[in-house]
Amino acid sequence: MAKFSPPPGTADIFPEEMPLWHRLEDTARRIFPLYGYGELRTPIFEFTDVFKRGIGDETEVVQKEMYTFEDRGGRSLTLRPEGTAGVMRALLNTDIMNGNEKRVFYIGPMFRGERPAAGRRRQFHQIGVENAGRVAPELDAENMAMMMQYLDELKISGAKLLINTRGVQADRKPAEESLNSYFQQHVGDMCDDCKTRVSRNVWRILDCKQERCREIVKNAPDYVSCYTAESRAYFDRVCELLTSFKVDFEIDKQLVRGLDYYAHTVFEVVHPGIGAQSAIAGGGRYELYLPENKKPIVGVGFAAGLERLLMVQETLNVAPPVSGKGPVFLVSMGTQARAFNMKLAQDLRSESVPVVVEVEDKSMKAQMRAANRANAAFAVICGDDELASGKLVCKDMQEGSQEEISQTELKSFLLKTYKGV
RNA sequence: GUGGAUGUAGCUCAGUUGGUUAGAGCGCCUGGUUGUGGCCCAGGAGGCCGUCGGUUCAAAUCCGAUCUUCCACCCCA
């Protein structure tokens with residue numbers, strides 16, 4: 001039991017739940033190409049510097065959540081805690097830095113050494129999208145529209161899109177100063193965490209959950225007014241476009257995201273009812289520096305947490321995908337019949353008909369029970385009589401009716417019902 | 001990393017103020033006359049009561065430690 005449980009924060013995903021996962025993945029593979037995106041697979045671990053530089057040395061993720069280890073050559077490697085940095089590392093091998101746009105998406109596990117809780121795992125799974133190489137409000141808006149279409153296809157209703165702007169690097173200094181001087185005045189009334197945030201990272205104070213801090217945040221200065229007119233126009237354009245796409249959104253000035261590389265638009269999709277971790281997808285525009293890269297890579301993208309999407313689908317009672325027709329269950333009475341059935345099974349499988357055979361010498365009753373449990377569509381019975389007459393008994397498990405049928409007739413019947421041939 | 005709950009058969013859970021061979025439902029297995037499932041009936045298998053240590057004549061039940069799971073915080077998807 002406990003002895004055989006997987007490491008904390010990880011989980012085995014069994015065949016029974018796989019259809020739900022495949023729906024998330026298949027939908028991504030169907031929707032994202034409509035916008036010109038292709039799937040990219042990058043390694044699950046990278047050189048540690050890719051994340052240190054890419055995500056930001058100061059971030060919580062990098063400081064205390066990474067699974068870092070040395071390989072035999074003494075290189076420092078890290079299990080990827082997010083997708084963007086690795087994707088950009090891969091795209092650097094293309095001509096992305098010359099203003100060429102790249103559109104890719106990825107699906108896979110991420111690793112963060114946090115304490116597990118509702119919607120938070122140490123190995124979790126994300127589907128993410130990156131549009132790299134160009135800067136344009138059109139791309140930001142399109143990215144969010146695509147994300148919302150994806151969620152819509154997954155029947156995720158009641159999700160709220162929150163957006164905000166972080167401006168560009170030059171905007172942040174004046175904005176930070178204005179926030180700083182305000183919070184300095186209220187330091188005494190803030191929670192312990194926020195007291196240190198005043199000097200370390202004022203932005204974090206904006207999304208503190210403590211009641212007393214929220215009161216203070218309410219009257220915080222409008223830092224966006226410190227941005228340049230250009231940055232504000234960029235954001236306004238993004239909002240206009242979203243409106244014209246009929247994508248509902250809400251501007252949330254308290255939305256700040258934890259990774260250093262964000263610039264301009266940031267956004268998050270939240271859904272109530274899955275616990276404290278209500279963000280099911282999030283992203284934004286970024287300027288990302290990789291080791292030995294003087295110029296940042298620009299792009300816009302988002303990632304959705306698959307476990308959280310599944311949680312939402314569960315609370316919304318989204319119907320599970322309809323499963324296909326159950327298999328053909330071959331019932332054998334006697335060893336000769338079983339040998340016959342084993343061969344027949346191979347023959348049918350080579351024609352893509354799903355077949356299950358009982359290999360132990362069990363009673364007919366037991367085999368029929370097994371057929372029922374396997375959700376078989378048909379049970380085909382073979383015993384001494386059938387071997388002698390050359391006619392098998394085929395029972396429709398749904399109808400309960402059965403008939404004698406020759407092997408060749410059976411085969412063409414099954415091909416027709418399973419493949420429509 | 002901090003805090004709060006939790007841990008008994010494959011699953012969901014009972015187990016009274018510590019007292020003999022630890023229970024139920026579901027699931028599983030075998031039967032209910034010769035080779036027919038789902039319903040019903042009967043029987044059966046399956047637990048060192050998370051682990052280690054302590055208190056006691058006696059511990060699933062009390063105490064401690066540890067681990068797991070769950071939830072919250074920090075942070076994020």
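Hydrogens, waters and symmetry mates play no part in the numbers below; they use all other heavy atoms, side chains included. In the text below, chain A, chain B and the rest are named by the order of the sequence lines, each starting its count at 1.
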How would you label the contact of L306(A) with the nucleic acid (heavy atoms, under 4.0 Å): base, sugar-phosphate, or nothing? nothing
Pair R53(A) + D49(A): basic N to acidic O under 4.0 Å: no
Decide, yes or no, whether a salt bridge links E39(A) with R41(A) under the criterion of side-chain N to carboxylate O below 4.0 Å. yes
Between rA77(B) (P) and R122(A) (CZ): distance, integer Å: 18 Å
Closest of rC70(B), rA72(B), rC75(B) to the A276(A) side chain is rA72(B)
Any idea which of rC73(B), rC75(B), rU36(B) is nearest the V393(A) side chain? rU36(B)
Rounding to an integer number of angstrom, what distance separates rU16(B) and rC62(B) when you compare their P atoms? 9 Å
Pick base, sugar-phosphate or nothing for E360(A), based on heavy-atom distances below 4.0 Å to the nucleic acid. nothing
Any base atoms under 4.0 Å from G83(A), or only sugar-phosphate, or nothing? Heavy atoms, all strands. nothing
Between the base of rG35(B) and the side chain of E386(A), is one N or O donor paired with an acceptor at under 3.5 angstrom? yes
Choose from rA77(B), rG35(B), rG37(B) the nucleotide whose nearest atom is closest to any side-chain atom of A303(A). rA77(B)
Between rU69(B), rA77(B), rC75(B), which nucleotide gets closest to the side-chain atoms of P8(A)? rU69(B)
Between the protein and nucleotides 31-33 of chain B, list the N/O to N/O atom pairs that are separated by less than 3.5 angstrom.
unit_1  : atom_1 : unit_2  : atom_2 : d
rG32(B) : N7     : K365(A) : NZ     : 2.8
rG32(B) : O6     : K365(A) : NZ     : 3.2

Aromatic plane relationship, Y234(A) with H264(A) - under 30° parallel, 30 to 60° tilted, over 60° perpendicular: parallel
Classify Q277(A) by what it touches in the nucleic acid, base, sugar-phosphate, or nothing, heavy-atom distance under 4.0 Å. base
Side-chain heavy atoms of E409(A) within contact of L392(A), under 4.5 Å: no
Is a donor-acceptor pair below 3.5 Å formed from side chain Q402(A) to base rU36(B), judging by atom type as modelled? yes
Is A371(A) touching bases, backbone alone, or none of the nucleic acid, heavy atoms closer than 4.0 Å? nothing
Applying a 4.0 Å non-hydrogen cut-off, can you work out what P81(A) is touching in the nucleic acid: base, sugar-phosphate, or nothing? nothing
So does N372(A) reach the base of rG38(B) with its side chain, donor to acceptor, closer than 3.5 Å? no
Please determine if K173(A) and E176(A) form a salt bridge, counting it only when a charged side-chain N lies under 4.0 Å from a carboxylate O. no
Residue met sooner reading RNA chain B from 5', once A117(A) and V256(A) are mapped to nucleotides: A117(A)
Is it true that R121(A) and E307(A) make a salt bridge, defined as a side-chain N closer than 4.0 Å to a carboxylate O? no
Less than 4.0 Å between a side-chain N and a carboxylate O, is that true for R103(A) and E142(A)? yes
Calculate the interatomic distance between E130(A) atom CD and rA77(B) atom P; express it in whole Å. 11 Å
Same-atom distance (C1') from rU6(B) to rG50(B), integer angstrom: 11 Å
For nucleotides 1-4 of chain B, which of its nitrogen or oxygen atoms have a protein nitrogen or oxygen under 3.5 Å away, and what is each distance?
unit_1 : atom_1 : unit_2  : atom_2 : d
rU2(B) : O4     : R115(A) : NH1    : 3.0
rG3(B) : O6     : R115(A) : NH2    : 3.1

Given rC75(B), rC70(B), rU69(B), the nucleotide with the shortest approach to the side chain of R121(A): rC70(B)
Hey, where does RNA chain B pair up into stems, meaning at least three consecutive Watson-Crick or G-U pairs with distances under 3.5 Å? B:1-5 with B:69-73, B:10-13 with B:23-26, B:28-32 with B:40-44, B:50-54 with B:62-66
Only residue of Y106(A), W21(A), F111(A) satisfying ring-ring contact (aromatic ring centres under 6.0 Å, His included) with H125(A) is W21(A)
Mind checking if G283(A) touches a base, just sugar-phosphate, or nothing, with heavy atoms under 4.0 Å? nothing
Aromatic contact, F413(A) with F378(A) (centres under 6.0 Å): yes
Identify which nucleotide among rA77(B), rA72(B), rU36(B) has an atom closest to any side-chain atom of Y262(A), counting heavy atoms from C-beta outward. rA77(B)
Partner of E46(A) by salt bridge (charged side-chain N to carboxylate O under 4.0 Å, His left out), out of R89(A), K52(A), R80(A): R89(A)
Can the ring centroids of F32(A) and F105(A) be said to lie less than 6.0 angstrom from one another? yes
Within the 4.0 Å heavy-atom criterion, would you say R373(A) contacts the bases, only the backbone, or no part of the nucleic acid? sugar-phosphate
Would you say that Y286(A) contacts E130(A) through its side chain, given a criterion of any heavy-atom pair below 4.5 Å between the two side chains? yes
Report which part of the nucleic acid G400(A) touches: base, sugar-phosphate, or nothing (heavy-atom distance under 4.0 Å, all strands). base
Minimum-distance nucleotide (side-chain atoms of A118(A) versus rA72(B), rG35(B), rC75(B)): rA72(B)
What is the separation between atom CE on M364(A) and atom P on rU30(B), rounded to the nearest whole Å? 14 Å
Does T84(A) offer a backbone N or O that forms a donor-acceptor pair with the side chain of Y261(A) under 3.5 Å? no
Look at E114(A) together with K64(A) and state whether they make a salt bridge at an N to O cut-off of under 4.0 Å. no
Just the rounded figure in Å: distance from C1' of rC28(B) to CD of E358(A). 14 Å
